[in-house]
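In each ligand, atom 1 is the first atom listed, and ligand 1 is the first ligand listed. Fair warning: this is a prediction, and the values are worked out from it, not measured in the lab.
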Amino acid sequence: MKILVINAGSSSIKFKLVEQQDLSTIVAGIIECIGTPDCKISCHIYKAGEINAKQEEAHLLSSYREGFELLIKYLFKRPFIKDPGHLAAIGHRVVHGGEQFKQSALITEPVIEAIKKNIPLAPIHNPVSLTGINVFLEMFPEIPQVAIFDTAFHQTMPAKAFRYPLPEQLYTEYRIRRYGFHGTSHQYAANCAAELLCKPLSKLNLITLHLGNGASAAAIKSGRSIDTSMGLTPLEGLMMGARSGDIDPAIIFYMTHFSGYGYEKIERLLNQESGLLGVCGSNDLREIERLIKQGDERAILAIDMYCYRIKKYIGAYFAILGGLDGLVFTAGVGENSSIVRLQVCQGLEHFGICINPEKNSEEINSATEIQSDSSTVKILVIPADEELEIARQTLACLHNG
Ligand code: AMP
């Protein structure tokens with residue numbers, strides 16, 4: 001039996017088909033640029049844990065529904081799945097579970113209604129997930145589907161962490177609070193850290209840094225998230241590829257008064273034109289590292305700001321955790337940029353965070369420790385695998401009924 005994982009984003013559908021028995025990958029891929037002439041499906045086909053073949057096909061798709069239909073055709077045509085009866089379950093990443101979902105949920109009519117109710121909190125992502133859920137429901141009503149919420153892991157935050165210092169009515173009537181995102185990734189990184197350190201997660205205090213195009217930090221006390229940097233939306237917190245992260249909210253009023261920008265323009269500016277991109281003209285760390293080597297001052301400033309802001313969160317989370325066992329780097333930048341890891345850790349020696357520059361600069365392909373012998377805090381690099389975590393949680397949900 002097999003499990004299909006669906007991770008639908010704002011312009012793509014990532015998928016992974018795994019064996020139920022050992023969660024080994026059969027095929028993984030992405031349908032990207034939906035609605036544009038560049039739309040294509042790209043896949044890696046696996047054999048004995050290794051990529052055995054690559055495939056890419058261009059398709060003109062005008063909607064996510066067509067994307068999901070194409071995916072189903074693709075999986076059954078080859079056939080990676082010979083018969084729908086061989087599919088044990090489908091696990092969907094759902095961005096916003098609001099306050100209702102503290103863990104993954106078997107998809108039923110009330111769960112669908114709850115995902116719909118949370119559309120105002122994730123207007124781009126939740127509708128895409130609902131489309132996927134509905135397409136599979138229409139074609140294979142007998143196959144169980146599971147929703148894995150990006151917000152669920154952070155539902156353990158106490159009110160003092162998740163409430164904003166705003167009038168109570170904004171929370172009770174409009175549900176304005178910090179929810180946090182990247183929960184599946186933080187949870188996966190925390191579980192891997194516990195495995196690597198040979199300790200139960202419930203006995204560990206960790207700071208996990210998901211540094212990808214989007215970026216967030218989480219403070220994990222005794223295995224539970226007690227604070228995280230993203231808020232009501234994924235705009236708050238760390239400086240990101242193209243998102244500003246924390247800024248003075250009065251900048252928005254100032255801009256509307258003095259620049260004549262409307263709210264839509266400001267929203268786009270903060271979500272798509274800020275962060276690393278806004279400061280130095282690129283949101284790709286590979287390009288920024290190249291520019292730094294050429295002495296580009298804007299690129300140097302962008303990385304300085306990026307790392308400085310991460311450092312401030314580490315300091316804050318160190319204080320609220322009251323003791324730290326591990327600092328975890330994950331996602332595209334966290335896994336690949338030794339420059340960012342080094343710059344983030346430099347100066348944190350008095351917290352017991354001492355990086356080993358040689359280990360840090362080696363190529364890292366699996367969960368690895370990069371602290372020096374004198375470090376009291378373990379520094380870990382953990383390659384992100386949200387799809388594997390989704391498959392694990394889908395399986396757990398099936399077993400729990
Ligand atoms: P993610 O959102 O986790 O896929 O991360 C994407 C980001 O990771 C890219 O925008 C790059 O900034 C960064 N990245 C990917 N590969 C590398 C690399 N080899 N070196 C430095 N940064 C990288």
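- Between M239 and the choices I247, D246, V279, the side chain to side chain contact (heavy atoms under 4.5 Å, CB included) rule is met once, by V279.
- A ring-ring contact (aromatic ring centres under 6.0 Å, His included) check over residues 290-314, counting only residues at least two apart or in different chains, returns the pairs Y313-Y317.
- Contact check on R309 versus D304 returns no salt bridge, with no Lys/Arg side-chain nitrogen under 4.0 Å from an Asp/Glu carboxylate oxygen.
- At a distance under 4.0 Å, no protein heavy atom can be found next to atom 4 (O) of ligand 1.
- Interface of G212 with ligand 1, defined as ligand atoms under 4.0 Å from a residue heavy atom, comprises 1 (P), 2 (O), 3 (O), 5 (O).
- Among all protein heavy atoms, the one lying closest to atom 9 (C) of ligand 1 is R286 NH2, 3.9 Å.
- With distances taken over non-hydrogen atoms, the option nearest atom 14 (N) of ligand 1 out of G9, G214, G332, A331 is G332.
- By the 3.5 Å distance cut-off applied to N or O atoms, S337 is not counted among the residues near ligand 1.
- Looking from atom 11 (C) of ligand 1 to the surrounding protein, the closest heavy atom is D284 OD1, 3.4 Å.
- For atom 12 (O) of ligand 1, the nearest non-hydrogen atom from the set L285, T330, I339 comes from L285.
- Note on R290 versus E287: salt bridge recorded, some NZ/NE/NH1/NH2 to OD/OE distance being below 4.0 Å.
- Each of the following atoms of ligand 1 lies closer than 4.0 Å to a heavy atom of V333: 8 (O), 12 (O), 13 (C).
- Relative ring orientation between H96 and F181 is described as perpendicular, the plane-to-plane angle rising above 60° on a 0-90° scale split at 30° and 60°.
- Side-chain contact annotation: R243 with N213, donor-acceptor N/O pair under 3.5 Å absent.
- Using a cutoff of 4.0 Å between basic side-chain nitrogens and carboxylate oxygens, E264 and R268 are not scored as salt-bridged.
- Those atoms of ligand 1 that come under 4.0 Å of a heavy atom in N213, given as number and element, are 1 (P), 2 (O), 5 (O), 6 (C).
- Nearest to atom 17 (C) of ligand 1 among the protein's heavy atoms is N336 CB, 3.5 Å.
- The backbone of N283, and not its side chain, has at least one atom closer than 4.0 Å to an atom of ligand 1 (non-hydrogen atoms only; backbone = N, CA, C, O).
- With respect to E99, the salt bridge (charged side-chain N to carboxylate O under 4.0 Å, His left out) criterion is satisfied by exactly one of R163, K117, R177: R177.
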